[in-house]
Amino acid sequence: MSLVSIVDALAGKPGEGEKVTVQGWVRTRRDSKAGLSFVNIHDGSCFNPIQAVVDNNVNNYESEVIKLTTGCSVRVTGTLVPSQGKGQTFEIQATEVEVLGWVDDPDTYPMPMKPHTVEHLRKHAHLRPRTNLIGAVTRVRNCLAQAVHRFMHENGYNWIHTPIITASDAEGAGEMFRVSTLDQANLPMTDKGEIDYSKDFFGQESFLTVSGQLNVEAYCLAMSKVYTFGPTFRAENSNTSRHLAEFWMVEPEIAFADLSQNADLAEAMMRYIFKAVLDECGDDMAFFQQRVDKDCINRLENVIDNNFERMSYTDVISVLEKSNKKFEYDVKWGIDLQSEHERYIAEEYVGRPTVVTDYPKDIKAFYMRMNDDGKTVAAMDVLAPGIGEIIGGAQREERLDVLDARIEEMGLPAEHYWWYRDLRRYGTVPHAGFGLGFDRCVSYVTGVQNIRDVIPFPRVPNNVKF
RNA sequence: GCACUUGUAGCUUAGAGGUAGAGCAGCUGGCUGUUAACCAGUUGGUCGUAGGUUCAAAUCCUACCAGGUGCGCCA
């Protein structure tokens with residue numbers, strides 16, 4: 001007897017006629033009173049469940065097997081045989097069915113085998129991974145994450161574990177979550193009547209990171225090719241289908257590189273990880289294509305086969321102005337692009353991911369490299385149809401005097417950035433990087449529209465359940 | 001943060017001033033191999049909560065609670 005995963009069993013790996021054991025959860029049971037039941041079992045190893053054929057010679061057939069309902073956990077032992085029925089290659093002719101866990105009250109089990117709304121699944125986030133949809137999302141998400149690491153590794157990048165707790169705000173903007181061990185009911189105060197953070201755990205104010213970028217730049221200017229991949233946190237009161245308070249970002253940083261090499265890397269990485277999904281998650285993608293978004297596979301193939309469109313911000317503005325389209329927000333050089341503008345460019349004008357470069361300096365962060373025109377910075381956003389901004393990046397300002405001027409111009413506290421400035425004082429080099437919103441990427445790949453359904457336990461304003 | 005919108009059985013929903021109906025799930029029975037099986041029967045709801053209007057409220061009004069969509073901010 002050998003314990004096998006369902007993906008291996010369905011592939012016939014143990015060999016025809018071999019005795020195997022699988023463990024998992026019941027998805028459906030169909031039976032014929034003549035003495036035969038078909039129990040479909042999933043274990044998360046692949047999209048399809050395996051069918052166990054159980055006849056009434058099995059000793060607990062009457063007492064247990066015909067009482068199995070969706071969600072029960074079982075261990076099934078039997079012979080792996082080619083299926084007599086359609087729909088699967090191999091099935092298990094069961095000789096033994098051990099029920100590990102019953103479903104308490106099948107009438108109120110929240111995940112019966114029927115169509116559910118994503119809102120209902122969200123309310124039962126602890127049970128939703130048992131569904132086809134969330135199971136498939138989970139495998140695709142894993143595939144994408146593994147592919148990111150593989151791509152980076154194969155291309156000589158070092159994965160840097162940048163800190164989660166930080167004292168600095170990466171962009172001088174954006175709300176941060178405070179990290180504190182002070183007694184909230186009895187806060188220590190200074191003579192000035194302000195909260196005395198010198199009494200706090202770190203002896204100063206500290207927060208959850210909004211980006212690992214500044215830290216990873218330090219490692220970039222030593223290791224040359226680096227990236228971070230971890231959770232980030234934004235305390236913004238954003239209520240949309242593409243924002244989370246806790247989300248995951250991939251942030252590569254390359255030394256001796258400019259904006260165009262940065263865009264090249266972003267494109268190569270997306271191609272690589274999308275190809276991995278098509279190669280490794282065919283059944284899951286077929287499901288998304290059938291039930292969620294009929295274009296999802298075409299969309300990935302399209303990205304793999306075609307270059308991203310590249311346009312400067314200035315060109316985008318002129319396209320928008322000439323579009324004759326009625327926008328809610330007026331288009332004029334200098335504005336930040338609105339969702340409606342980005343959508344028009346990515347979805348209607350180009351029809352595939354588009355890299356927009358060289359934005360006006362006034363709408364971008366202090367660390368982005370000033371272009372020779374003195375008006376724009378070497379920033380880039382990758383706009384994906386249906387999602388909007390999926391990547392934001394820039395060539396970094398490596399010239400200390402220009403960086404200092406920008407920090408002052410934007411009224412930022414220079415002392416906070418002393419070590420970031422040091423990187424420009426000691427062996428500075430041109431470098432560039434970007435941040436890929438990993439959850440948005442999963443949403444783009446699967447076609448699942450709400451970002452809350454592509455992360456296991458979503459954190460959004462007014463909701464930290466589970 | 002702003003605007004809009006929705007709460008009816010475990011789930012999905014019909015009902016739009018006159019006292020709640022269905023499909024699925026569950027349960028019972030039937031069917032020699034089914035594919036989110038099929039056939040027959042059946043349990044289950046003080047209509048999100050609290051007020052108010054009315055002879056009468058699931059239905060109209062107010063507040064609260066819990067969801068959703070869009071916008072802003074961004075990834």
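Excluded from the calculations below are hydrogen atoms, water molecules and symmetry mates; all remaining heavy atoms, backbone and side chain alike, are included.
In this structure, A:E340 does not pair ionically with A:R343, as no charged nitrogen and carboxylate oxygen lie closer than 4.0 Å. Ionic pairing of A:K361 and A:E397 is not present here: no N-O contact between side-chain nitrogen and carboxylate oxygen is shorter than 4.0 angstrom. Ionic pairing of A:D31 and A:K67 is not present here: no N-O contact between side-chain nitrogen and carboxylate oxygen is shorter than 4.0 angstrom.
Of the side-chain N and O atoms in A:N450, one or more sit less than 4.0 angstrom from OP1 or OP2 of B:rU69. A close approach under 4.0 Å does not occur between any side-chain nitrogen or oxygen of A:R29 and OP1 or OP2 of B:rU34. For B:rA37, one of the phosphate oxygens OP1 or OP2 lies less than 4.0 angstrom from a side-chain nitrogen or oxygen of A:T28. OP1 or OP2 of B:rG68 lies within a sub-4.0 Å distance of a side-chain N or O belonging to A:R452. When the side-chain nitrogen and oxygen atoms of A:Q51 are compared with OP1 and OP2 of B:rU34, none of them lie within a distance under 4.0 Å. Considering only side-chain N and O atoms, A:R30 lies under 4.0 angstrom from the phosphate OP1 or OP2 of B:rA37. Between A:T240 and B:rG70, a side-chain N or O to OP1/OP2 separation shorter than 4.0 Å is absent. Distances shorter than 4.0 Å separate some side-chain N or O of A:N463 from OP1 or OP2 on B:rG67.
Rounded to a whole Å, the NZ atom of A:K86 is 14 Å from the C1' atom of B:rA37. Taking atom CG on A:N237 and atom P on B:rG72, their separation rounds to 15 Å, with Å as the unit. Rounded to an integer number of Å, the gap from OH of A:Y329 to C1' of B:rA3 is 11 Å. Distance CD (A:E328) to C1' (B:rG72): 10 Å, rounded to an integer number of Å. When the P atom of B:rA36 is taken as reference, atom CG of A:N132 falls 10 Å away, rounded to whole Å. Atom-to-atom, CH2 of A:W248 to P of B:rC74 comes out at 24 Å; the value is rounded to the nearest Å. Straight-line distance from the CD1 atom of A:I455 to the P atom of B:rA75: 16 Å, rounded to whole Å.
For the pair A:R242 and A:G87, both in contact range of RNA chain B, the more 5′-proximal nearest nucleotide belongs to A:G87. Projected onto RNA chain B by closest heavy-atom contact, A:S339 and A:M249 fall at different nucleotides, the more 5' of which corresponds to A:S339.
Side-chain atoms of A:T376 and A:N371 include a donor-acceptor pair closer than 3.5 Å. Defined by atom type and a distance below 3.5 Å, a donor-acceptor pair is missing between the side-chain atoms of A:E309 and A:T354.
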Practice problem: Take nucleotides 6-12 of chain B nucleotide by nucleotide from the 5' end and write B, S or -, depending on whether a protein heavy atom sits under 4.0 Å from the base, only from the sugar-phosphate, or from neither. | Solution: ----BBS

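For A:H243, the side-chain atoms get nearest to B:rC73 when compared with the rest of B:rG70, B:rG33, B:rC73. Distances were taken from every side-chain heavy atom of A:F38 (C-beta onward) to each of B:rU34, B:rA75, B:rG67; the shortest belongs to B:rU34. Out of B:rG26, B:rG72, B:rA66, the shortest distance to the side chain of A:Q338 is found at B:rG72. Of all nucleotides listed (B:rC74, B:rG33, B:rG1), B:rG33 comes nearest to the side chain of A:V53.
One N or O donor and one acceptor, one from the side chain of A:S238 and one from the base of B:rC73, sit under 3.5 Å apart.
Here A:G85 lies in heavy-atom contact (under 4.0 Å) with a base. Residue A:S241 is classed as a sugar-phosphate contact, given heavy-atom separations below 4.0 Å to backbone atoms only. Using a 4.0 Å heavy-atom distance criterion, A:L36 is classed as a base contact. Residue contacts for A:K67: at a heavy-atom cut-off of 4.0 Å it reaches no nucleic acid atom on any strand shown. Among the protein residues, A:E91 comes within range of the nucleic acid bases, having at least one heavy atom under 4.0 Å from a base atom. If you check every strand for non-hydrogen atoms under 4.0 Å, A:E246 touches nothing.
Seen from the ring of A:Y272, A:R150 does not count as a face-on cation partner, given the 6.0 Å and 45° thresholds.
Taking atom C1' on both B:rG30 and B:rU13, the two are 30 Å apart, rounded to the nearest angstrom. Between the P atoms of B:rA20 and B:rC4, the separation comes to 35 Å (whole Å). For the P atoms, the distance from B:rA66 to B:rG72 is 26 Å, rounded to whole Å. B:rU49 and B:rG10 have their P atoms separated by 13 Å, given to the nearest Å.
For residues 455-466 of chain A, there are no side chain to side chain donor-acceptor pair (under 3.5 Å) pairs, not counting sequence neighbours. Pairs engaging residues 119-143 of chain A under the salt bridge (charged side-chain N to carboxylate O under 4.0 Å, His left out) rule: A:R122-A:D453, A:R128-A:D453, A:R139-A:D284, A:R141-A:D439 [sequence neighbours left out].
Residues of residues 342-361 of chain A that place a heavy atom closer than 4.0 Å to RNA chain B, in numerical order, are A:R343.
Here the OG atom belonging to A:S323 is positioned 4.5 Å from the OH atom belonging to A:Y344, to the nearest 0.5 angstrom. Atom CZ in A:F287 sits 4.5 Å away from atom CZ in A:F47 (nearest 0.5 Å). The CD1 atom of A:I6 sits 10.0 Å away from the CG atom of A:N48 when rounded to the nearest 0.5 Å.
In this structure, A:R271 contributes its side chain and A:V303 its backbone to a donor-acceptor pair below 3.5 Å. Using modelled atom types, no side-chain atom of A:E62 and backbone atom of A:N60 make a donor-acceptor pair closer than 3.5 Å.
Taking the six-membered ring wherever Trp is involved, the centroid distance between the rings of A:Y417 and A:F366 falls below 6.0 Å.
No more than 12 heavy atoms of other residues, nucleotides or ligands shown are found within 6.0 angstrom of CG on A:D104. Summarising the local packing, OH of A:Y219 is surrounded by 12 or fewer heavy atoms from other residues, nucleotides or ligands at distances under 6.0 Å.
Stacking is found between A:F247 and the pyrimidine-like six-membered ring of the B:rA75 base under the 5.5 Å centre-distance and 30° plane-angle cut-offs.
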Practice problem: Check the pair A:F327 / A:H341 against ring-ring contact (aromatic ring centres under 6.0 Å, His included), numbers first and verdict last. | Solution: CA-CA 8 Å; A:F327 294 111; A:H341 304 142; 4.9 Å; yes

Practice problem: Kindly express the pairing pattern of RNA chain B in dot-bracket notation, using | wherever a base pairs with another strand and counting only Watson-Crick or G-U pairs under 3.5 Å. | Solution: ((((((((.[[[[.)..(..]]]].(((((.......))))).....[[[[[..)....]]]]])))))))....

Contact list (N/O, under 3.5 angstrom) for nucleotides 38-41 of chain B vs protein:
none

